[in-house]
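Order of appearance sets the numbers: ligands from 1, and atoms from 1 within every ligand. Small disclaimer: the values here were computed from a predicted structure and weren't measured.
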Amino acid sequence: MPLATSKDLFEKALKQGYALGAFNVNNMEIIQGIVDAAAEERAPLFLQFSAGGRKYARPEYLMKLVEAALATADLPVVLHLDHGEDFETCKACVDQGFTSVMVDGSKMPFEENVALTKKVVDYAHERGVVVEAELGRLAGIEDNISVEEKDAIFTVPEQAKEFVERTGCNSLAVAIGTSHGAYKFKGEAMLDFERLNKIEHLLPNYPLVLHGASSVLKEFVDKCNKYGGHLGNSRGVPEEMIARAVKTNVCKVNIDTDIRLAITASIREILVTQPEVFDPRKYLGPAREAIKNMVRHKMRLLGCAGKA
Ligand code: G3H
Ligand code: 13P
Ligand code: ZN
């Protein structure tokens with residue numbers, strides 16, 4: 001099956017009230033674990049590489065890994081650049097055969113973000129590639145922050161509308177309280193669903209993206225800590241909040257941290273409980289299985305299982 005673009009996949013997800021998982025890939029075991037899960041769940045999916053992930057896997061190798069995934073699983077797969085911070089990185093991925101790129105100008109002032117995003121959109125659309133952009137900051141936050149503070153950090157709905165209209169981006173990553181990594185909230189977990197609803201109201205039927213959506217699953221944190229890790233006050237987005245978000249226009253949910261934790265917990269356990277092991281297949285194989293099981297669970301939570 002050739003690579004998919006996200007347009008039809010998002011349309012169906014919006015209509016039926018579910019989201020696709022977008023999983024970060026860095027190496028062969030990760031891609032195999034994710035694709036095995038998708039094949040078992042019959043789920044369409046995004047395989048995404050950050051600039052760092054692309055450099056680590058090496059561009060030529062990553063295309064071959066993705067080709068192998070497509071040859072072995074009959075599924076709609078979107079190959080996506082995650083957080084492209086400049087035009088050159090986005091262009092390189094479009095030229096290389098990615099079917100979707102994210103241009104992340106969220107750290108820039110609004111007008112600069114518009115200009116960069118528009119430049120990437122113009123280049124990508126001419127070549128049949130879709131573009132995700134971002135507005136607002138994905139910052140770790142305290143609970144009980146004021147409305148003014150929220151407006152300074154989170155996506156402002158009126159600006160989101162203007163941004164989409166001026167840039168022509170195909171989907172928008174919004175900041176409503178999530179952040180990257182394993183330490184997302186200092187107090188109670190809090191997502192600004194009211195803001196999300198306002199964005200949806202101003203941008204009806206428009207695909208939104210939730211970054212920083214790992215739940216930092218307790219099972220993996222506990223296992224990491226039991227076998228020598230130090231993941232003190234880690235905290236993710238509660239699963240019930242993800243389930244609520246996918247019923248809105250959020251139709252792409254980004255997961256990286258939960259993959260990292262699944263791998264690390266599995267490898268830590270094996271190296272500590274079986275100190276005689278030194279064959280990498282003996283710990284990378286179970287790590288791949290742990291990724292698969294975790295991703296299957298996510299796909300059911302997101303509602304994309306059975307939608308391929
Ligand atoms: O959003 C960031 C992803 O988790 C990728 O992280 O840049 O360390 O590969 P990375
Ligand atoms: P997590 O760190 O919550 O997995 O978020 C990943 C992400 O947003 C990748 O773009
Ligand atoms: Zn992200």
Side-chain angles (χ1 to χ4, degrees), residues 6 19-27 30-31 33-34 37 45-59 61-62 65 78-86 89-90 93 98 100-107 113 131-141 153-155 169 171-185 189-191 207-218 220-221 224 231 233-239 241-242 245-246 250-265 290-291 294-295 297-299 301-302:
S6 51
L20 278 81
F23 302 97
N24 284 74
V25 178
N26 295 295
N27 69 7
I30 295 177
I31 197 169
I34 296 165
L45 76 160
F46 280 75
L47 292 173
Q48 59 186 16
F49 288 82
S50 67
R54 180 169 172 263
K55 190 169 167 212
Y56 178 86
R58 300 179 190 168
Y61 281 76
L62 88 79
L65 287 173
V78 181
L79 176 57
H80 177 78
L81 167 68
D82 190 29
H83 294 286
E85 287 198 339
D86 50 53
T89 307
C90 296
C93 290
F98 282 51
S100 173
V101 292
M102 176 192 189
V103 52
D104 181 359
S106 62
K107 293 192 194 81
N113 190 359
V131 178
E132 173 184 325
E134 178 166 329
L135 191 65
R137 287 204 337 261
L138 292 173
I141 48 148
I153 300 169
F154 291 171
T155 309
C169 61
S171 58
L172 187 70
V174 291
I176 56 161
T178 62
S179 62
H180 294 115
Y183 303 90
K184 297 188 191 298
F185 303 99
M190 194 288 292
L191 294 193
L208 303 175
V209 180
L210 198 61
H211 281 246
S214 281
S215 293
V216 187
L217 297 161
K218 186 174 177 332
F220 300 129
V221 171
C224 281
L231 295 169
N233 293 319
S234 53
R235 190 160 303 153
V237 183
E239 292 195 335
M241 290 191 184
I242 299 292
V246 303
V250 166
C251 49
K252 174 173 177 275
V253 168
N254 283 14
I255 310 284
D256 188 1
T257 296
D258 281 337
I259 298 174
R260 296 176 178 189
L261 290 171
I263 300 170
T264 305
I291 296 166
M294 186 278 292
V295 171
H297 169 74
K298 291 280 176 199
M299 287 171 161
L301 177 70
L302 301 178

Which is it for Q48 and M102 under the side-chain contact (heavy atoms from CB on, under 4.5 Å) test, yes or no, and what are the steps along the way? CA-CA 10 Å; Q48 59 186 16; M102 176 192 189; over 6 Å; no
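- Nearest protein heavy-atom neighbour of atom 5 (C) of ligand 1: D256 OD2, 3.3 Å.
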Could you go through L261 and V216, starting from their C-alpha distance and side-chain angles, then the distance that decides it, and tell me whether this counts as side-chain contact (heavy atoms from CB on, under 4.5 Å)? CA-CA 8 Å; L261 290 171; V216 187; 3.8 Å; yes
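- Not one N or O on the side chain of N113 forms a donor-acceptor pair closer than 3.5 Å with the backbone of L135.
- The side chain to side chain contact (heavy atoms under 4.5 Å, CB included) test with L65 singles out one residue from I31, N27, L47, and that residue is I31.
- Checking only distances, H180 does come within under 3.5 Å of ligand 1, N or O to N or O.
- Regarding atom 7 (O) of ligand 1, its nearest protein heavy-atom neighbour is S50 OG, 3.5 Å.
- Of all the heavy atoms in A175 and G136, the pair that sits closest is CB-C, 3.8 Å.
- Less than 4.0 angstrom separates some heavy atom of H83 from each of these atoms of ligand 2: 10 (O).
- Under 4.0 Å from ligand 2, the heavy atoms of A213 that appear belong solely to its backbone.
- The shortest N/O to N/O separation between N24 and ligand 1 does not fall below 3.5 Å.
- Of all the heavy atoms of N254, none lies under 4.0 Å from any atom of ligand 1, so neither backbone nor side chain is involved.
- Proximity of H83 to ligand 1, defined as any heavy-atom pair under 4.0 Å, is confined to the side chain (atoms from C-beta onward).
- The distance from the CG atom of L301 to the CD1 atom of I255 is 8.5 Å, given to the nearest 0.5 Å.
- Considering just the N/O/S atoms of H211, the one nearest the Zn ion (ligand 3) carries the name ND1.
- Residues N24 and N254 have side chains that never bring a donor and an acceptor to within less than 3.5 angstrom of each other.
- Between the CZ atom of F23 and the CG atom of D256 there is a distance of 11.0 Å, given to the nearest 0.5 Å.
- Residue-to-ligand polar distances keep I255 apart from ligand 2: every N/O pair is separated by 3.5 Å or more.
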Start with the C-alpha distance between E132 and H211, add both sets of side-chain angles, then the distance that settles side-chain contact (heavy atoms from CB on, under 4.5 Å), and finish with yes or no. CA-CA 12 Å; E132 173 184 325; H211 281 246; 2.7 Å; yes
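- For ligand 2, the atoms closer than 4.0 angstrom to any heavy atom of S214 are 1 (P), 3 (O), 4 (O).
- Shortest non-hydrogen contact noted between A189 and G236 is CB-O, 4.4 Å.
- Taking atom 10 (O) of ligand 2 as the reference point, the nearest protein heavy-atom neighbour is D82 OD2, 2.6 Å.
- Minimum-distance N/O/S atom of H83 relative to the Zn ion (ligand 3): NE2.
- Distances below 4.0 Å separate heavy atoms of H180 from the following atoms of ligand 2: 2 (O), 5 (O), 6 (C), 7 (C), 8 (O), 10 (O).
- Below 4.0 Å from some heavy atom of T257 lie the following atoms of ligand 2, by number and element: 1 (P), 2 (O), 4 (O).
- Listed by number with element, the atoms of ligand 2 under 4.0 Å from a non-hydrogen atom of N24 are 9 (C).
- Contact annotation for T257 and ligand 1: no heavy atom of the residue comes within less than 4.0 Å of the ligand.
- Only side-chain heavy atoms of R260 come within less than 4.0 Å of ligand 1; its backbone N, CA, C and O stay farther off.
- Here the heavy atom of the protein found nearest to atom 8 (O) of ligand 2 is G212 N, 2.8 Å.
- The backbone N or O of L138 sits nowhere less than 3.5 Å from a side-chain atom of S179 that would complete a donor-acceptor pair.
- Across all their heavy atoms, L62 and A57 have their closest contact at CB-CB, 4.2 Å.
- In terms of heavy atoms, V221 sits closest to L231 at CG1-O, 4.0 Å.
- The heavy atom nearest to atom 3 (O) of ligand 2, considering only H211, K184, K252, is found in K184.
- Atoms of ligand 2 lying under 4.0 Å from at least one heavy atom of G181, given by number and element, are 2 (O).
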